[in-house]
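Bear in mind that the values here come from a model prediction, so they are computed numbers and not experimental data. Just so you know, ligand 1 is whichever comes first in the structure, and atom 1 is the first atom listed for that ligand.
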Amino acid sequence: MNVRDSELICGILKNAGYKICASDKEADIIIFNTCSVRQHAEDRVWSLIGSYKGSKIIGLAGCMAQNYKERAFQRDANISFVAGPQDIYKIPEILGKLSSGEFFERKIWEVDSSQRPEEIYHTGFFQDKSHAYVVISEGCSNFCSYCVVPYVRGPLRHRKNKNILMEIQEAIAGGISKITLLGQNVNAYHEDGVNFTKLLTQVNALEGLKELGFFTSHPKDANIELFQAINDLGKLSKTLHLPLQSGADRILKLMNRGYSVKEYLALIDSYRKIVKNGLLTTDIIVGFPSETDKEFKETCGLIKKIGFNAAYIFKYSPRSGTVAAKLADLLTKEEKEGRHKKILDLQRRISNKLRAKHKYAKA
Ligand code: SAH
Ligand code: SF4
């Protein structure tokens with residue numbers, strides 16, 4: 001999502017007459033488009049911003065901007081402007097004000113918009129010449145208890161069906177042959193009487209498109225209709241990313257994920273029956289507040305049982321303002337790191353084994 005948002009920022013700035021530099025050394029303006037999902041991402045941004053001293057204009061955009069608002073200027077006085085994810089379209093206007101000398105303090109923050117104008121999706125700027133990311137919905141209303149996304153990106157909004165198709169057709173006309181549809185919960189897409197599988201069917205039918213994929217499916221909204229589309233639509237990747245997060249029902253409930261282990265397993269079962277040789281990937285969080293060693297082992301057991309082709313494994317990171325941040329977090333840093341390492345090792349072994357099997361099957 002952030003890769004695409006950075007392209008949107010580049011696109012609107014290019015249209016406003018700015019030049020995108022190949023390196024930060026040449027640039028007069030540096031904009032950090034940021035993520036707040038885990039503390040680690042935030043720490044890296046603060047440390048990078050701290051490394052720029054002097055005459056450049058520094059902007060903080062995206063989720064951290066929304067989170068910190070004007071407090072960002074106290075954290076680092078080098079920052080000249082702050083623009084939240086819904087306000088990135090204002091960046092040319094902000095830069096205009098900053099360079100007009102009208103703003104003596106040289107500090108501007110824009111974090112109040114609830115909606116992006118549709119135009120920002122149509123600047124035609126894609127970093128990759130053949131592969132484009134296309135946002136189908138913004139924000140999220142799921143409120144998983146650990147997650148900051150609904151707070152910084154606002155409630156779920158679906159883009160209009162005709163606008164999505166128009167953006168994709170523009171991309172294809174510009175030479176793009178592979179499209180990845182993006183949303184925090186793509187399965188929930190519903191606009192103008194078009195649901196997600198209908199949207200996939202529409203995009204799959206577009207002439208000039210060769211490959212199609214999507215991120216991310218939420219297990220509580222994934223269904224047989226989706227799996228059937230994965231199997232049937234010729235251009236659609238036969239890979240499903242279905243974040244599990246934990247293999248223990250008590251933790252899933254505390255996470256507010258809206259499904260049980262049994263329901264997740266039933267989904268995987270129908271996916272594998274419908275999509276022959278389909279690949280499966282997931283996200284896991286270890287060290288959620290109060291996760292016991294037994295619950296951690298349940299997650300490891302489930303990972304082994306399911307056999308994911310790949311998994312993103314994260315250490316729980318408390319996010320201020322979320323429900324989970326208020327839960328007692330008694331696990332030590334060493335315990336979380338130990339579990340993280342164990343599960344990474346386990347997944348590496350599973351991925352390697354499945355990769356070898358897949359290669360063998362293909363040969
Ligand atoms: N909308 C997507 C996920 C977006 S965030 C979904 O629900 O699947 C990507 C991943 O980051 C999540 O799946 C989760 O595993 C991880 N994540 C989110 N918040 C986190 C936190 N506070 N600590 C650690 N990992 C987190
Ligand atoms: Fe966060 Fe849950 Fe929404 Fe994903 S579905 S963005 S994890 S609140």
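Polar contact with ligand 1: absent for His218 (N/O pair, distance under 3.5 Å).
A side-chain contact (heavy atoms from CB on, under 4.5 Å) with Ile350 holds for exactly one of Asp345, Asn309, Ile306, Ile303; it is Ile303.
Nearest heavy atom pair, residue Asn78 against residue Lys107, reads C-NZ, 4.5 Å. Here the closest heavy-atom approach between residue Asn256 and residue Ser145 is recorded as CB-N, 4.1 Å.
With atom 13 (O) of ligand 1 as the reference point, the heavy atom nearest to it among Asp283, Asn185, Val186 is part of Asp283.
Put simply, the side chain of Arg159 gets close to the backbone of Val135: a donor and an acceptor are under 3.5 Å apart. No donor-acceptor pair closer than 3.5 Å links the side chain of Asn185 to the backbone N or O of Ser217. Proximity of a side-chain donor or acceptor of Lys315 to a complementary backbone N or O of Lys333 within less than 3.5 Å is not detected.
Against a heavy-atom cut-off of under 4.0 Å, Arg319 is close to the following atoms of ligand 1: 22 (N). Contact atoms of ligand 2 toward Arg257: 2 (Fe), 7 (S) (distance under 4.0 Å to a heavy atom of the residue). Near His218, meaning under 4.0 Å from one of its heavy atoms, ligand 2 places the atoms 5 (S).
Ring geometry, Phe314 versus Tyr312: the interplanar angle falls under 30°, so the pair is classed parallel (tilted spans 30 to 60°).
Ionic pairing of Glu7 and Arg4 is present here: one or more N-O contacts between side-chain nitrogen and carboxylate oxygen are shorter than 4.0 angstrom.
Protein atoms of type N/O/S that fall under 2.8 Å from atom 1 (Fe) of ligand 2 number 1 in this view.
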